[in-house]
There are 2 protein chains.
Amino acid sequence: MKKQRLSIPEECRASLTGIADVQEIMGGKWKYLIISNLFFLGKLKFMELCRQIDKISPKVLSKELKDLEINQLVNREICDTKPITVEYELTDLGKSLHNIILEMGKWGITYRNTITKK
Amino acid sequence: MKKQRLSIPEECRASLTGIADVQEIMGGKWKYLIISNLFFLGKLKFMELCRQIDKISPKVLSKELKDLEINQLVNREICDTKPITVEYELTDLGKSLHNIILEMGKWGITYRNTITKK
DNA sequence: GTAATTAGTTACCAAAAAGTAAGTAACTTA
DNA sequence: TAAGTTACTTACTTTTTGGTAACTAATTAC
């Protein structure tokens, strides 16, 4: 008898597929942090964002922002200023990640408290 | 004038730190999927979990489970059966990730619907 | 003139993550 | 006896990711 996957409720299957999809889009070290900074601080220029996120390099930030733009989570706007500036902000789709972000923030804070109290 | 970080509300700062912490613990390609499978399906044996998660290899699963055990999100129990079996389940701390998992699942489902409808 | 600002890009290198295939050891089933 | 089950581990290779430093080009401040 060959072993098969467990048969599970369609609801669970759908959730698990959803989670796998989120991982594809939001995978990597930086995406949640970039999205969160834009969520909490609103529209930011490239260098503002770069300074805001500890240890990220412009190369990596640039690449991650491109990925997020492709997936329509972030909008890029070139401003016609003296030294050219570029502003990034969340799209509506990007903003719709707020529940995930808020829950992550809450969990992280609680985790830190439980660990340090021990 | 040297450019500094933006000064932001303490609440935001705390959330952002929390999110960075979550990333440290839950980073990588597989952790959310492992946790989610254990969340939706309950206690699972090593090979059940391995079959359940598409494309994961035993080597990687083994390594990820060790990480999760170290961070006390998963419990490992050796069962005294004929061919030895090992069961994994979420700890209370692991279960406390449920809000994040449920929100990710929801977002992923909605995202897929909006994309495919276009 | 020099340095600093803007937003990146490029080349090069190192480290981390992941994939593949095979092996171990004890036991069961055909 | 041979193959399949359990839970992994090991060695090896490839891919991905990330980091550093330098560079562009235009503009401003000193």
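Convention: sequence-line order gives letters A, B, ...; per-chain numbering from 1.
Atom C1' of nucleotide D:dT6 and atom CG of B:Asp80 are separated by 13 Å, given to the nearest angstrom. The CH2 atom of B:Trp30 sits 12 Å away from the C1' atom of C:dA17 (whole-angstrom rounding). The CD-P distance, from A:Glu24 to C:dA18, rounds to 13 Å in whole Å. One interatomic measurement links the two molecules: CD1 of B:Ile56 to P of C:dA18, which rounds to 9 Å at whole-angstrom precision. In this entry the distance linking CD of B:Gln52 with P of D:dA7 reads 14 Å, nearest Å. In this structure, the NZ atom of A:Lys31 is 10 Å from the C1' atom of D:dT17, given to the nearest Å. Between the CG atom of A:Leu61 and the P atom of C:dG8 there is a distance of 8 Å, given to the nearest Å. The distance from atom NZ of A:Lys59 to atom P of D:dT24 is 19 Å, rounded to the nearest whole Å.
Across all their heavy atoms, A:Leu93 and A:Gln72 have their closest contact at CB-O, 3.6 Å. B:Ile84 approaches B:Cys79 most closely through the heavy-atom pair CG1-O, 3.7 Å.
Listed nucleotides D:dA7, C:dA7, C:dT10 differ in distance to A:Lys45; the shortest reach to its side chain belongs to C:dA7. Checked against D:dG19, D:dC8, D:dT9, the side chain of B:Arg76 finds its nearest nucleotide in D:dC8. Closest approach to the B:Tyr88 side chain among D:dC8, C:dA7, C:dG19 is made by D:dC8 (side chain taken as heavy atoms from C-beta onward). Looking at the side chain of B:Ser62, the nearest of the listed nucleotides D:dG18, C:dT6, D:dC8 is D:dC8. Nearest to the side chain of A:Pro83, among C:dT20, C:dT10, C:dT5, sits C:dT5. In the set C:dA7, D:dG19, D:dA7, D:dG19 carries the atom at the smallest distance from any side-chain atom of A:Val60. Ranking D:dT9, C:dT9, C:dA7 by closeness to the A:Ile84 side chain, first place goes to C:dA7.
Distances shown here put every side-chain N or O of B:Lys82 at or beyond 4.0 Å from the OP1 or OP2 atom of C:dA25. Of the side-chain N and O atoms in B:Arg51, one or more sit less than 4.0 angstrom from OP1 or OP2 of D:dT6.
Counting atom types as modelled, B:Lys55 pairs no side-chain N or O with a base atom of C:dG19 as donor and acceptor under 3.5 Å. Checked by distance alone, A:Lys29 brings no side-chain donor or acceptor within 3.5 Å of a matching partner on the base of D:dG18.
Of the residues near DNA chain D, B:Thr85 and B:Lys63, the one whose nearest nucleotide (by heavy atom distance) lies more toward the 5' end is B:Thr85.
A heavy-atom distance below 4.5 Å is found between the side chains of B:Met104 and B:Tyr32.
Salt-bridge annotation for B:Glu103 and B:Lys106: present, with a side-chain N of the basic residue lying under 4.0 Å from a carboxylate O of the acidic one.
Rounding to the nearest 0.5 angstrom, the gap separating the CD1 atom in A:Ile70 from the CD1 atom in A:Ile25 is 12.0 Å.
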